[in-house]
2 protein chains.
Amino acid sequence: MRELDETDLEILQLLVADARRPYNEIADAVDLSPPTVSDRIDRLKELGVVRRFTVDLDRSRLSEGVAVLVDLHVEPGRVSEVRSDVEDIDGVEHIFVTADGNVVFHARLRNGAIEPLLSGTLDTDAVREYDVRLLTDSAWHPEPRGVEFALECDECGNTVTSEGESSRIDGELYQFCCSSCQARFEEQYEELKQAA
Amino acid sequence: MRELDETDLEILQLLVADARRPYNEIADAVDLSPPTVSDRIDRLKELGVVRRFTVDLDRSRLSEGVAVLVDLHVEPGRVSEVRSDVEDIDGVEHIFVTADGNVVFHARLRNGAIEPLLSGTLDTDAVREYDVRLLTDSAWHPEPRGVEFALECDECGNTVTSEGESSRIDGELYQFCCSSCQARFEEQYEELKQAA
DNA sequence: AATGAAAGGATTAAGCC
DNA sequence: GGCTTAATCCTTTCATT
């Protein structure tokens with residue numbers, strides 16, 4: 001495989017600024033043909049670098065309600081459960097999980113009361129306490145500034161360089177830092193598959 | 001003018017899920033013609049509801065570095081200054097301003113040390129203290145679920161309904177809840193312009 | 001506000017280097 | 001991986017209701 005290169009980064013920056021930009025315009029900007037740009041974007045999607053094309057909405061112009069930043073102090077061991085419950089709360093825009101086990105989320109709530117919302121959605125035993133802070137402003141800065149590429153080897157976790165390898169197994173694309181990691185991964189995959 | 005309606009919301013949801021979806025596909029879904037969909041999307045952009053078409057990137061696959069949530073306790077009166085300084089820090093993705101005058105931001109830092117970064121960018125007098133928390137996960141949920149439409153009158157701030165008015169002044173689109181707010185706004189705008 | 005028809009662009013597939 | 005060509009498909013403009 002080939003590592004992501006400067007051209008990929010350029011393409012990403014152009015798409016971040018306007019995801020509906022025609023591919024031939026991108027092609028001009030990066031000195032490639034439109035089909036090649038299309039291929040690269042397909043690969044960026046496959047690699048999971050591009051999660052989706054989407055729209056940045058100004059929610060303050062859309063929805064009533066108060067923007068808040070909520071900090072949940074979660075009981076040990078129940079972080080992922082709480083995190084996925086928070087995903088289901090209406091109006092949640094961003095979720096952060098801290099290394100010390102808090103779940104912080106940014107939401108716009110139509111009825112100011114957060115307490116019934118939380119107790120309706122979360123298992124109250126899982127959250128020791130919480131802080132709610134009103135927000136007066138929030139902004140999203142999607143520019144991939146200062147980005148360095150770092151794809152991880154799916155076998156050992158090391159950085160994948162241009163010497164790396166990739167395989168498509170059962171329709172999924174995997175990447176490896178070297179051929180031995182690749183072989184090892186494929187063996188183990190095969191074993192697991194046999195076992196199942 | 002016309003208030004935003006259910007169809008606009010449907011269009012937004014379709015674009016949030018895939019901003020490169022062809023307009024004729026959206027047209028089918030909402031039972032309109034492609035040109036009409038195009039017109040509506042143009043209007044959503046003009047109204048500022050749609051800020052941009054963009055890409056949701058998985059930065060953990062892109063950049064080295066540690067994701068952190070930083071909480072700056074800002075000296076009274078210096079919030080907007082600090083906020084705009086934070087915008088210039090490399091790797092900052094989200095900024096939140098709390099009602100009690102803190103600036104919270106989410107960033108991915110390539111060199112783990114945040115102290116030199118802050119002292120290099122911010123006036124240290126403006127920030128009393130700060131907390132830094134490491135993040136293990138973060139997600140963006142752009143779905144406009146549970147949204148109610150609420151455009152605000154640019155004169156009085158009330159909700160703009162279908163009885164409202166709109167004007168284009170010097171190329172910008174403004175909306176008002178009634179014709180008297182519209183007239184008042186236009187008068188004041190004219191006065192300000194004369195004065196300048 | 002919305003539409004159909006049509007022109008002008010953009011995307012994709014196929015074959016090749 | 002990348003290119004060109006060619007066919008297909010999408011977007012936008014315009015006249016019309």
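Letters A, B, ... are given to chains in the order of the sequence lines, protein chains preceding strands, and every chain is numbered from 1.
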[X] has an atom [atom1]; how far is it from atom [atom2] of [N], in whole Å?
X: B:Ile11; N: D:dT11; atom1: CD1; atom2: C1'; value: 15 Å
X: B:Asp42; N: D:dT12; atom1: CG; atom2: P; value: 7 Å
X: A:Asp39; N: C:dC17; atom1: CG; atom2: P; value: 18 Å
X: B:Glu46; N: C:dA1; atom1: CD; atom2: P; value: 12 Å
X: B:Ile41; N: C:dA1; atom1: CD1; atom2: P; value: 16 Å
X: A:Asp8; N: D:dG2; atom1: CG; atom2: P; value: 8 Å

With a 4.0 Å limit, can you tell me whether [X] has a side-chain N or O closer than that to the phosphate oxygens OP1/OP2 of [N]?
X: B:Ser38; N: D:dT12; value: yes
X: A:Thr36; N: D:dG2; value: no
X: B:Arg20; N: C:dA10; value: no
X: A:Arg40; N: D:dG2; value: yes

Problem set entry | side-chain contact (heavy atoms from CB on, under 4.5 Å) involving A:Arg133 - partner list, sequence neighbours excluded | A:Leu69, B:Asp71, B:Thr98, B:Asp100, B:Asn102, B:Val104

For this session: Determine, for A:Asp90 against A:Arg108, whether the closest basic-nitrogen to carboxylate-oxygen distance falls under 4.0 angstrom.
Result: no

Seminar exercise, completed: Hits for ring-ring contact (aromatic ring centres under 6.0 Å, His included) against B:Phe185, two or more places apart or cross-chain, chain-then-number order -> B:Tyr174, B:Phe176

Problem set entry | Set of residues satisfying salt bridge (charged side-chain N to carboxylate O under 4.0 Å, His left out) with respect to A:Arg20, sequence neighbours excluded | none

Problem set entry | Residues forming a salt bridge (charged side-chain N to carboxylate O under 4.0 Å, His left out) with A:Asp131, sequence neighbours excluded |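 Residues passing salt bridge (charged side-chain N to carboxylate O under 4.0 Å, His left out) with A:Asp131: none at all.
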
Exercise. Quick one: bend of the helix from C:dA1-D:dT17 to C:dC17-D:dG1 from 5 pairs per end, to 10°?
Worked result: 40°

Exercise. Pairs in or reaching into residues 24-37 of chain A: which pass side chain to side chain donor-acceptor pair (under 3.5 Å), with residues at least two apart or in two chains?
Worked result: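 Only A:Arg21-A:Glu25, A:Ser33-A:Thr36 qualify under side chain to side chain donor-acceptor pair (under 3.5 Å).
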
For this session: Using a heavy-atom cut-off of under 4.0 Å over every strand shown, decide if B:Pro35 touches base, sugar-phosphate, or nothing.
Result: base

Exercise. Mind checking what makes side-chain hydrogen bond (donor to acceptor under 3.5 Å, both in side chains) contact with A:Asp18, not counting sequence neighbours?
Worked result: none

Problem set entry | A:His94: side-chain hydrogen bond (donor to acceptor under 3.5 Å, both in side chains) partners, not counting sequence neighbours |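 In terms of side-chain hydrogen bond (donor to acceptor under 3.5 Å, both in side chains), with neighbours along the sequence ignored, A:His94 is linked to A:His106, B:His94, B:Trp140.
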
For this session: State whether the number of non-hydrogen atoms from other residues, nucleotides or ligands found under 6.0 Å of A:Arg184 atom CZ is greater than 12.
Result: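 Atom CZ in A:Arg184 is not crowded, with 12 or fewer foreign heavy atoms closer than 6.0 Å.
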
For this session: For DNA chain C, find the residues of residues 23-32 of chain A with a heavy-atom distance under 4.0 Å and give them by number; none if there aren't any.
Result: A:Tyr23, A:Asn24

Seminar exercise, completed: Among D:dT11, C:dA10, D:dC3, the one nearest any side-chain atom of A:Pro22 is C:dA10

